[in-house]
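Shown next, in structure tokens, is the structure this report addresses.
FYI, side chains are in, hydrogens and waters are out, and symmetry mates aren't considered; it's all heavy atoms of this structure. The residues of the chain are indexed from 1 along the displayed sequence.
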Amino acid sequence: MYLEIITPDKKVYAGEVEAAQFPGANGSFEVLDLHAPLISTLDKGSIRITTNKGQEFFTVDGGVVEVLNNKIIVLAESVTE
């Protein structure tokens, strides 16, 4: 899957991932390869991504995530790594 994490002022991450876990407004959820389309709001919390090199974490202050056609786009208010 391809993931992009974007804030109003920069692109924080762009690349292939095996899995991504998000702090959804109604609880955390994970997106895997070929996930069904969805749009969700994000609460303040940690995004965990799994790549072939291991795991990375990004802390977001809220935002929106869209999953469509094996591409994930995160529009975050702000991100700290």
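Annotation: side chain of P37 is in contact with side chain of L68 (closest heavy-atom distance under 4.5 Å). Within the 4.5 Å cutoff, the side chain of I39 has heavy atoms near those of the V64 side chain. The shortest side-chain heavy-atom distance between H35 and D33 does not fall under the 4.5 Å cut-off. With a 4.5 Å cut-off on side-chain heavy atoms, V74 and L3 count as touching. In this structure the side chain of V65 never reaches within 4.5 angstrom of the side chain of I73, judged on heavy atoms.
Between atom CD of residue E56 and atom CD1 of residue I5 there is a gap of 8.5 Å, rounded to the nearest 0.5 Å. We find the CD-CD1 distance between E16 and I49 to be 11.0 Å, quoted to the nearest 0.5 Å. Here CD of Q55 is found 5.0 Å from CZ of R48. Values are rounded to the nearest 0.5 Å. Within the model, atoms CG of L75 and CD of E77 stand 10.5 Å from one another, a figure rounded to the nearest 0.5 Å. In this structure, OG in S78 is found 8.0 Å from NZ in K44, a value given to the nearest 0.5 Å.
When all heavy atoms are compared, the tightest approach of M1 to E18 is CE-O, 3.6 Å.
Environment of CG in D9: crowded, with over 12 heavy atoms of neighbouring residues, nucleotides or ligands closer than 6.0 Å.
Considering only residues two or more places apart in sequence or on other chains, T41 meets the side-chain hydrogen bond (donor to acceptor under 3.5 Å, both in side chains) condition with none of them. Contacts of N26 classified as side-chain hydrogen bond (donor to acceptor under 3.5 Å, both in side chains), with partners at least two apart in sequence or in another chain: none.
Listed by first then second residue, pairs satisfying ring-ring contact (aromatic ring centres under 6.0 Å, His included) with a partner in residues 38-81 read Y13-F58, not counting sequence neighbours.
Between V79 and the options V12, D61, I47, T59, a side chain to side chain contact (heavy atoms under 4.5 Å, CB included) holds for only V12.
Under the 3.5 Å distance criterion, the side-chain polar atoms of D43 are left unmatched by any main-chain donor or acceptor of P23.
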